[in-house]
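Structure first, then comments.
Chain naming here is simple, since letters A, B, ... match the order of the sequence lines and numbering starts at 1 in each.
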There are 2 protein chains.
Amino acid sequence: MSPTHIDLTETTKPTVDNCRATREILDRIADKWSLFVIAMLRDGPRRFNELRREVEGISQRMLTLTLRGLERDGLVTRTMYPTIPPRVDYELTEVAKGLLGPVMGLVMWAEENKEAITQAQKQFDEGLESGASLARTSFYQSR
Amino acid sequence: MSPTHIDLTETTKPTVDNCRATREILDRIADKWSLFVIAMLRDGPRRFNELRREVEGISQRMLTLTLRGLERDGLVTRTMYPTIPPRVDYELTEVAKGLLGPVMGLVMWAEENKEAITQAQKQFDEGLESGASLARTSFYQSR
DNA sequence: CTGCATCCTGCATGATACTG
DNA sequence: CAGTATCATGCAGGATGCAG
């Protein structure tokens with residue numbers, strides 16, 4: 001967290017680069033679940049368990065944590081109806097709706113290119129064995 | 001990897017939902033570094049240490065791992081020039097260039113809304129103390 | 001310069017059980 | 001239904017040293 005004297009000289013490119021704040025925000029939403037939760041909320045409010053079912057694979061705990069994170073960032077609102085049984089709706093804020101474009105772009109890109117990617121992976125993994133002298137051996141395959 | 005019988009019934013929304021493959025791809029690129037590396041490569045090839053400097057904060061190890069992951073996914077190409085000292089260029093593939101739009105969208109969104117977000121966070125955190133009976137107490141603030 | 005190999009650590013995530 | 005509280009753990013990620 002030390003300021004470390006960021007030098008935003010003229011040479012910096014218009015967008016990414018040094019900027020820490022941007023980094024932190026992206027880190028936040030680029031975690032394992034946030035993008036998906038946001039995507040699920042794209043067409044209107046959802047209840048807790050609705051999300052739980054739809055995001056598929058998320059644990060209750062992680063859904064709670066993710067939602068709280070998003071709420072904290074001002075990306076979703078939480079509305080409680082003190083009925084019995086209780087009901088809580090989560091909805092995207094205006095700020096978050098600006099995210100929806102890029103996020104859905106990612107999702108659609110992923111869907112369109114998933115075959116290409118799995119195939120690239122297969123090819124790459126094969127090349128590791130036959131590639132002999134290139135010797136990208138064991139360890140770094142892990143990822 | 002077990003097929004697990006995904007039920008893409010008609011009721012599923014056009015995009016996200018059950019689809020595991022998409023999930024896996026997004027998990028891959030939505031990690032701590034990939035998005036940034038991709039963003040850095042947006043206007044042409046870069047050398048290893050160029051990236052290292054520009055991504056700022058990334059360790060050598062993580063850069064290597066990230067690049068190999070992206071290479072494996074067929075998102076970047078690796079070109080070695082066996083000069084002395086050696087030189088290695090990384091460049092986005094065509095597939096990856098499709099990602100560039102959404103990714104830069106995210107980055108720009110983050111930049112435009114960073115103040116709003118940090119402020120929302122501050123407000124949220126204050127509300128936790130004064131909010132008394134709401135009692136979102138200790139643990140779940142962590143995130 | 002580029003990048004492999006280890007060791008080590010903490011945090012993110014999961015599993016499970018309890019509450020209003 | 002919508003959380004909260006704990007415990008357990010694996011893997012992401014950092015630090016460091018060596019190698020072609």
Would you say the side chain of Arg46(B) lies within less than 4.5 Å of the side chain of Glu54(B), judging by non-hydrogen atoms? yes
Which whole-number value in Å describes the distance from Arg68(B) CZ to dG3(C) C1'? 9 Å
Nearest-Å distance for atom pair CZ/P, residues Arg78(A) and dA2(D): 10 Å
Tell me every residue that passes side-chain hydrogen bond (donor to acceptor under 3.5 Å, both in side chains) with Gln121(A), counting only those two or more places apart in sequence or in another chain. Asp73(B)
Donor-acceptor pair, distance only, cut-off 3.5 Å: does the side chain of Thr93(B) make one with the backbone of Gly74(B)? yes
Roughly, in whole Å, what's the span from CZ in Arg52(A) to P in dT4(D)? 14 Å
Could you tell me how far apart Leu67(B) (CG) and dC1(C) (C1') are, to the nearest whole angstrom? 14 Å
Got a list of protein N/O to nucleotides 14-19 of chain C N/O distances below 3.5 Å?
unit_1, atom_1, unit_2, atom_2, d
dG14(C), N7, Arg61(A), NE, 3.4
dG14(C), O6, Arg61(A), NE, 3.4

Take the protein atom CZ of Phe36(A) and the nucleotide atom P of dT13(C), then report the distance between them rounded to whole Å. 13 Å
Which part of the nucleic acid does Tyr81(A) contact within heavy-atom distance under 4.0 Å: base, sugar-phosphate only, or nothing? nothing
For Arg47(B), report the nucleic acid contact type (base, sugar-phosphate, nothing); a contact means any heavy atom under 4.0 Å. sugar-phosphate
Between P on dA2(D) and OH on Tyr90(A), what's the gap in Å once rounded to a whole number? 8 Å
Over-ring placement of Arg23(A) relative to Phe36(B), 6.0 Å and 45° cut-offs: yes
Kindly work out whether a path of hydrophobic side-chain contacts (I/L/V/M/F/W/Y, heavy atoms less than 4.5 Å apart) joins Leu41(A) to Tyr81(A). no
As a test of reading the structure: which of dG3(D), dT2(C), dC1(D) is closest to the side chain of Asn49(A), going by heavy atoms? dC1(D)
Between dC1(C) atom P and Arg46(B) atom CZ, what is the distance in whole Å? 17 Å
Could you state the CG-P distance from Leu65(B) to dA5(C), rounded to the nearest angstrom? 11 Å
CG of Leu75(B) to CG of Leu67(B): how many Å apart, nearest 0.5 Å? 11.0 Å
For the atom pair CD (Gln123(A)) and CZ (Arg72(B)), what is the distance rounded to the nearest 0.5 Å? 12.0 Å
